[in-house]
Amino acid sequence: MKSFLAFLLAMGIIVTLGDAYCFTKINKPGESDKGCVLDGKVYPFGHISRTDDCLRCTCTQSQISCCSLFHTPVGYDKEKCKIVFNERSCNYDVVEKNDPSKECFVHSRVG
């Protein structure tokens, strides 16, 4: 029993640390009969693999649920490096402040 509880605790920690930022927006009645409106754009009902804002969403007649596709770097050399959002890859690049062509090592990210 103790092993099972330890396993559940470990899985809870892993899921919490690995989860991206998520939210749900309830659709307004009559807002759109073709899909869900997010930031002024209509997305079709069903699975949306990537929005303009780097979100993965599921749209139903009642709501849209989305999670970010990126994680924010927090563990890096903040004196030497800076973070830059890469819209093409939907991710943050961490580069040297003095030479942005050089990447910095990142040891942790949060969602």
Side-chain angles (χ1 to χ4, degrees):
M1 185 64 172
K2 287 182 183 180
S3 296
F4 180 69
L5 291 175
F7 171 76
L8 286 179
L9 177 63
M11 292 307 294
I13 291 170
I14 289 169
V15 168
T16 301
L17 292 176
D19 203 14
Y21 165 73
C22 298
F23 66 91
T24 298
K25 176 184 167 263
I26 305 299
N27 295 334
K28 295 176 184 173
E31 187 172 40
S32 176
D33 58 351
K34 297 179 182 176
C36 300
V37 178
L38 186 64
D39 295 327
K41 183 173 180 179
V42 178
Y43 290 94
F45 292 117
H47 179 74
I48 302 133
S49 60
R50 179 178 165 176
T51 68
D52 294 342
D53 295 327
C54 295
L55 301 170
R56 178 176 293 135
C57 302
T58 301
C59 171
T60 67
Q61 290 184 340
S62 62
Q63 68 187 24
I64 185 167
S65 298
C66 301
C67 290
S68 63
L69 292 171
F70 55 88
H71 292 87
T72 305
V74 292
Y76 63 94
D77 184 345
K78 292 175 179 67
E79 303 255 336
K80 181 181 170 186
C81 306
K82 65 180 180 177
I83 58 173
V84 179
F85 191 71
N86 183 329
E87 291 180 20
R88 191 173 54 85
S89 67
C90 282
N91 203 4
Y92 284 104
D93 295 330
V94 181
V95 297
E96 289 186 8
K97 291 178 182 178
N98 294 333
D99 185 358
S101 67
K102 294 182 180 177
E103 289 189 21
C104 296
F105 177 73
V106 178
H107 56 83
S108 61
R109 294 176 182 256
V110 295

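- Cysteines C57 and C36 keep their SG atoms at least 2.5 Å away from one another.
- Screening residues 90-111 for ring pair (Phe, Tyr, Trp, His ring centres under 6.0 Å), with sequence neighbours left out, gives F70-Y92, F85-Y92.
- Within 6.0 Å of CD in Q63 there are more than 12 heavy atoms belonging to other residues, nucleotides or ligands.
- At least one side-chain heavy atom of R109 sits less than 4.5 Å from a side-chain heavy atom of N91.
- Taking K41 as the reference, D52 meet the salt bridge (Lys or Arg N to Asp or Glu O under 4.0 Å) condition, with sequence neighbours excluded.
- Counting only residues at least two apart or in different chains, ring pair (Phe, Tyr, Trp, His ring centres under 6.0 Å) contacts with residues 26-55 are absent.
- Few gaps surround NZ on K25; more than 12 heavy atoms of other groups in view lie less than 6.0 Å from it.
- Summarising the geometry of S65 relative to T24, their closest heavy-atom pair is OG-OG1, 3.2 Å, with the distance given to 0.1 Å.
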Residues 93-100, side-chain donor-acceptor partners within the protein, below 3.5 Å, at least two apart:
residue: D93; atom: OD2; partner: N86; partner atom: ND2; Å: 3.1
residue: K97; atom: NZ; partner: K78; partner atom: O; Å: 3.0
residue: K97; atom: NZ; partner: E79; partner atom: O; Å: 3.4
residue: D99; atom: OD1; partner: S101; partner atom: N; Å: 3.2
residue: D99; atom: OD1; partner: S101; partner atom: OG; Å: 2.6
residue: D99; atom: OD2; partner: S101; partner atom: OG; Å: 3.4

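- Summarising the geometry of R50 relative to L69, their closest heavy-atom pair is CG-CD1, 3.8 Å, with the distance given to 0.1 Å.
- Scanning all heavy atoms of the two residues, the minimum distance from C59 to P44 falls at CB-O, 3.5 Å.
- Atom NZ in K82 sits 14.0 Å away from atom CG in D77 (nearest 0.5 Å).
- Interatomic distance, CZ of R56 versus SG of C22, reported as 10.0 Å (0.5 Å rounding).
- With a 4.5 Å cut-off on side-chain heavy atoms, L38 and L55 count as touching.
- Judged as a side chain to side chain donor-acceptor pair (under 3.5 Å), and not counting sequence neighbours, N27 has no contacts.
- Every residue two or more places apart in sequence or in another chain was checked for a side chain to side chain donor-acceptor pair (under 3.5 Å) with S49, and none qualifies.
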